[in-house]
Structure formats: C-alpha cells, structure tokens
Amino acid sequence: MGSAAAAAGGGVAASRQQPHCTFAAGGGMCRQRHRPHHRRWQQQQQQAVRYKAAYEAVIGIETHVQLGTKTKAFCSCASEFGAEPNSNVCPVCLGHPGTLPVLNGDMVHKAVLAGLALNARVSLESKFDRKQYFYPDLPKGYQISQYDVPLCEGGWVEVVVPPEQTGGQGVVRRIGVTRAHLEEDAGKLVHGGAASLSGSDYSLVDYNRAGVPLLEIVSEPDMRTGAEAAAYGAEIRRIMRFLGVSDGNMAEGSMRCDVNISVRPRGQAAFGTKVEIKNMNSFNAMQRAIDFEIARQVQLLEDGQAAAIVQETRLWDEGQQCTYSMRKKEGLADYRYFPEPDLPALVLNQAYLDEIQASMPELPRQVRERYLALGLSQYDVLVLSDERDVVAYFDAVLAAGAPPKPATNWVMGDVMAYCKEARLGWDALAERMAPTALAEMIGLIEDGTISGKIGKEVLPALLAGEGGSGSGVRAMVETRGLVQISDPAALAAIVDGVLSANPKQLQQYREGKPKLQGFFVGAVMKESKGRANPAELNRILMEQLNASPPA
C-alpha cells in the first residue's frame, strides 16, 4: 500500500541527489548536457525491444482517488481545491492534542458506490488503523487508513487497450482489484527554487489537503505493458467520473497513481524486485515511465547487475524522460499499523448496500457494450464513452432519431473539434445547440434535403443558438435557400449551362482527358452554390459528358 503523502510530493526523506537515470552497472548522471548517456540509453531501449521475448514485466497500480465530499474525512473543514493556503484547517485535521475524528458519512457512501462499481465485495464491518508517517505535510505524524480489514476486497476492472497501442483492434483485458480502502490525504509541500526537495532553497507546507477523504484502489499485478497500465488508470478515472464520486483531475491531485514494476524471465513464477514510480501527472507520462523502467531493469539483468535493482521509490523526470531514485521503499514494519483508537468499527447493513446498488448509474463498460451493439467501431466507442457528458449528449442525439453512424461522425468530428477549440463543456454546448437540433440537421442530410457540405455551413448557425430545440432547423434551411437541388430537370439545365460555357474543356474531356470530370463537378457545384445533389449531379453530368456531340 503506497503513501499518499509521498505521491503528493511530500516525502521529506527524499534523496538529496540530483535527478539521474541509472543505466547498466548503476550509474551516472543523465542530464541533458550528457548527451552520450542519452544516446546510449536509446540504444538500450532498442535492445529491450529485442529482449521482449525473453522477459516480461509485472505491473500493479495503487490509485489514490480524492472523494468529492464537501467536507474532510474526519472534520467539518471544507474539502476544496484552490483555497488560500492553510485556510481550510482546524484542530482536528491539524492533529492537536485532545481532538477526536468524526467519520464523514458521505465519504463512506461514495466509497461503497465505487467499490460496487469495481465489482468488489463490500464488507459489512471494517475498521480504521493508524499508519505511521513522519513527514512535515502530515501534521498528526500518522495517517488514518485501513489495513487488514478494508472496506472493499476483490473485484475487477475491464479495460480496452486502444487500437493504436495494439496495432489493430483494441485488446480487452480484465484487471483484478485486490482491495479498495478508505484513508485521509496528507498536506502538500511546495519547494522554493526547485520542483522537488532536492536542490530547493526552502519548503512551504499547505495543510488544506490534509484530511481530505481518499479511496485507495490497489490492483492485482495483472498488467504487463505500459499501454495496459495507462488503459487501466484511464478506466479507473472514467468509472469515478461516471459515478460522480470524484472529478479525477490529475493536474489538481484529485487522482494519483503509484506504479509498481518488476521484470522477470518469461516462464519464471517468482516476481522480480519491485520498484515504485510516483508523481506522474498524466497517463501518457505513466506509460512512458513504465516503458523506460522496464527497459532499465531488463538492461541491468542482461548486464548481470540484478543486485542493482533494489526496492525503492523512483520519480519520473518529464524533461529528461527517465526515472531517478527518490528514496528506499518503506516496509510494513516501518508503518507500525495498529487499530485507530478514536474511531469505532465501520458497520454497514445489507439494506444500505442494496440501496446504493439500486442507484448505480450506467458504467463505461456498459456504455461501450451498448454502442458496439449499434454497429459502431471500437475506436468510435472508446472516444464516445470517454466522458459522461459526451455520452449524455450523444444519447440525446440518438434519442431524437439520428442514425448512429452519421451521429457519431458529426459528434466526434466537427462538434468535438468546436468544443475543444472553444473550450466549451458539453452541458454548455447543449444550451447552445440542443441535441434535437443536431439530430434534425443530420436527418435533413440523410433524407436528401441538404448535402453534407451544406450541413457544415448550417452547423455554425446551430452552434450560435439558431435552430431552437430542433423543429426550427428545416425552416432555417428553407429560409436561407439551402435546400438541396435534386430535381433532374433543374440539374440538367445547370449542367447544360456549364458545358456550354466551357467548350474547350468539354472537347478535351471527350478526346481522352477523364480527369476533367472533376473540373465540371466543381463548376456545377459552384453554379448551384453548393446545393446540387451530388449523386444526381454525377449521374446527369456523366450522361451529358459521354453523350455523342451533335453533328
């Protein structure tokens, strides 16, 4: 079980060495100025690819999820991000003598909801324990956590490793969950003059986060690649967001992942020496850190330096793209767990669990299954099901009658690009362009009233709030004269005019230059102001282009 304090950058026991990435026989500083070392490491990474058949990695993840309660775990202080430093504190969360913790009921409710979503067994009776830490960002000198009788045990998470990471279709994996337990967060250290304790001139501590409720989710060591680990982390965050128990914002520390990695020869049952990596602020960084660490450990094994792989905590240096040693890893004896004397056992009843189970929203895995049943590709499904607000909007477009694949193309294409560029949330988007309005526009394209090209001209008006709740889209299209021209006689007249105006190009086409067909299509579309029905236009145009010239 990892240290939430250390994950937050609060480990005062950190090594005072400058960051470096070890290689081969344990050594050397790997700063940017030592470019030969980086070139050597790149060569070793390439070698590690060749060693893939001989070795496998064993990866487990401890995920700390801040539960989105209004107050802290054991006191009434506000649990919010961004407040003035040390403004949300009280004698209880500062650990003053004589104070007693009081359990936050909402924390328990959210943790049970998360545990059920993780397919875990929720214990009707669990207990709290004291876990000893001596860090300046932990004012009590210990953390209230759960040790041998956690709230949730067992469970699993289904993850999809994206197609771009697997060279084809996405790979579905089921990752086991060992346990999920409640605990309180530590404060946060801010180091002056450096990003970490090493090299800093001074350190400031903010206790606002001390006592914020956490759910620590510990996976089984079921992952084998950085891509799988990143997919697992993303799925945990996705589940927490769909449940509404946490915003999962990694940049604000609402979710933090500690990764444990070891390497062993293929076929060996025993695990290798476990190394922990902390302080990764994105899943992309987590994947790169894991891949680097696997390559580092494989190289040490190949060089006969297995003893250089020690149980330790390492950090990921984004600038250097390498891991470096932070401190030797604590063991269970260092934590000196004992039952928390100031809190009684946490006792639940089955009726309480049944009530929470009945309130369970649709989970990401269920959304993916539903979208796959609509005939959507796995890539489309992964994109659409990534955020709860996108799912809600897309479902509303489908409910308004839009066919699944055209709706997917518009939502994932122009609409998603607009939201990203405008930094607009999907709730705000729905206020500007109701899902029914987008569905009606898609319907007009599908029935031939407008073309897809005209649809792209109509969309900005819908995004600006025109078209109302949907029924006004057709009226807007008709008022602006954007209805597609599908009448054969009208299209034939336009084609005649274009051919008559371009006799030279017509003669060249008939003399064996078929590429000029595109020229005529563009000319007709320009003449019709983009309103010509493309299919009907091509049929009529080809008939006239290939017709025998008059004698």
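Just so you know, residue 1 is the first one in the sequence shown, and it goes up from there. Values below: every heavy atom of this structure, side chains too, minus hydrogens, waters and symmetry copies.
Closest heavy-atom contact between G154 and A120: O-CB, 3.1 Å. Residues G253 and R256 come closest through the heavy atom pair O-NH1, 2.7 Å. When all heavy atoms of G187 and R209 are compared, the pair lying nearest together is O-NH2, 3.1 Å. When all heavy atoms of M107 and P213 are compared, the pair lying nearest together is SD-CB, 3.1 Å. The two residues Y207 and L138 make their nearest non-hydrogen contact at CE2-N, 4.4 Å. Nearest heavy-atom pair, I442 versus A407, reported as atom, atom and distance to 0.1 Å: CD1-CA, 3.7 Å.
With rounding to the nearest 0.5 angstrom, the CD1 atom of I445 is 4.5 Å from the CE atom of M441. Rounding to the nearest 0.5 angstrom, the gap separating the CD1 atom in I59 from the OG atom in S219 is 9.5 Å. To the nearest 0.5 Å, the span separating CG on N88 from SG on C75 amounts to 9.5 Å. Between E235 atom CD and I239 atom CD1 the span is 4.5 Å, to the nearest 0.5 Å. Atom CD of Q350 and atom CD of Q357 lie 9.5 Å apart (nearest 0.5 Å). The CG atom of L124 lies 10.0 Å from the CG atom of L346; values are rounded to the nearest 0.5 Å.
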Going through the checks in order, is the salt bridge (Lys or Arg N to Asp or Glu O under 4.0 Å) test met by D137 and K188?
-> CA-CA 6 Å; D137 58 355; K188 182 179 180 181; over 6 Å; no
Begin from the C-alpha positions of W316 and R288 and carry the test side-chain contact (heavy atoms from CB on, under 4.5 Å) through to its verdict.
-> CA-CA 9 Å; W316 171 246; R288 285 182 279 116; 3.7 Å; yes
Given E536 and Q484, is the side-chain contact (heavy atoms from CB on, under 4.5 Å) satisfied, shown in steps?
-> CA-CA 11 Å; E536 191 66 13; Q484 189 166 244; over 6 Å; no
Under the side-chain contact (heavy atoms from CB on, under 4.5 Å) rule, what do M286 and I61 come out as? Steps first, then yes or no, please.
-> CA-CA 11 Å; M286 183 164 72; I61 299 179; 4.3 Å; yes
Working for side-chain contact (heavy atoms from CB on, under 4.5 Å), residues K405 and D380 = CA-CA 9 Å; K405 185 55 181 176; D380 292 347; 2.6 Å; yes
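In this structure the side chain of Q544 never reaches within 4.5 angstrom of the side chain of V498, judged on heavy atoms. Considering only heavy atoms from C-beta on, V159 stays 4.5 Å or farther from I236 through its side chain. The shortest distance between side-chain heavy atoms of F128 and L103 falls below 4.5 Å. In this structure the side chain of E252 never reaches within 4.5 angstrom of the side chain of Q66, judged on heavy atoms. You'll find the side chain of W426 reaches within 4.5 Å of the side chain of V411, heavy atoms only. Counting only heavy atoms from C-beta outward, the side chains of S76 and C90 never approach each other to under 4.5 Å. Put simply, the side chain of L243 reaches to within 4.5 Å of the side chain of L363, judged on heavy atoms. Put simply, the side chain of Y371 reaches to within 4.5 Å of the side chain of D395, judged on heavy atoms.
Checking D106 against T69 by side-chain atom types alone, no donor-acceptor pair falls below 3.5 Å. S282 and N284 share no donor-acceptor pair across their side chains, judged by distance under 3.5 Å alone. Under the 3.5 Å distance criterion, with hydrogens and angles disregarded, no donor-acceptor pair is assigned to the side chains of W156 and E158.
The number of heavy atoms from other shown groups lying within 6.0 Å of NZ (K526) does not exceed 12. Atom CD of E527 sits in a sparse spot, with 12 or fewer heavy atoms from other residues, nucleotides or ligands closer than 6.0 Å.
Under a 3.5 Å cut-off, the side chain of E228 and the backbone N or O of M223 do not form any donor-acceptor pair. A distance-only check finds no donor-acceptor pair linking the side chain of R480 to the backbone of V458 [under 3.5 Å]. Formation of a donor-acceptor pair under 3.5 Å by the D414 side chain with backbone atoms of W410 is not found in this model. The closest donor-acceptor contact from the side chain of R531 to the backbone of S528 lies at 3.5 Å or more, if one exists at all. Q366 places no side-chain N or O within donor-acceptor distance of the main-chain N or O of E362, the cut-off being under 3.5 Å. With D206 contributing its side chain and N86 its backbone, the two residues share a donor-acceptor pair below 3.5 Å. The backbone N or O of D427 lies less than 3.5 Å from no partner atom in the side chain of D389, so there is not a single donor-acceptor pair. In terms of modelled atom types and a separation under 3.5 Å, the side chain of R241 and the main chain of D247 share a donor-acceptor contact. In terms of modelled atom types and a separation under 3.5 Å, the side chain of Q321 and the main chain of E318 share a donor-acceptor contact. Side chain of S385 to main chain of P364: no donor-acceptor pair is present (N/O by atom type, distance under 3.5 Å, no hydrogens or angles).
When E153, E216, Q146 are each tested for a side chain to side chain donor-acceptor pair (under 3.5 Å) with H181, only one passes: E216.
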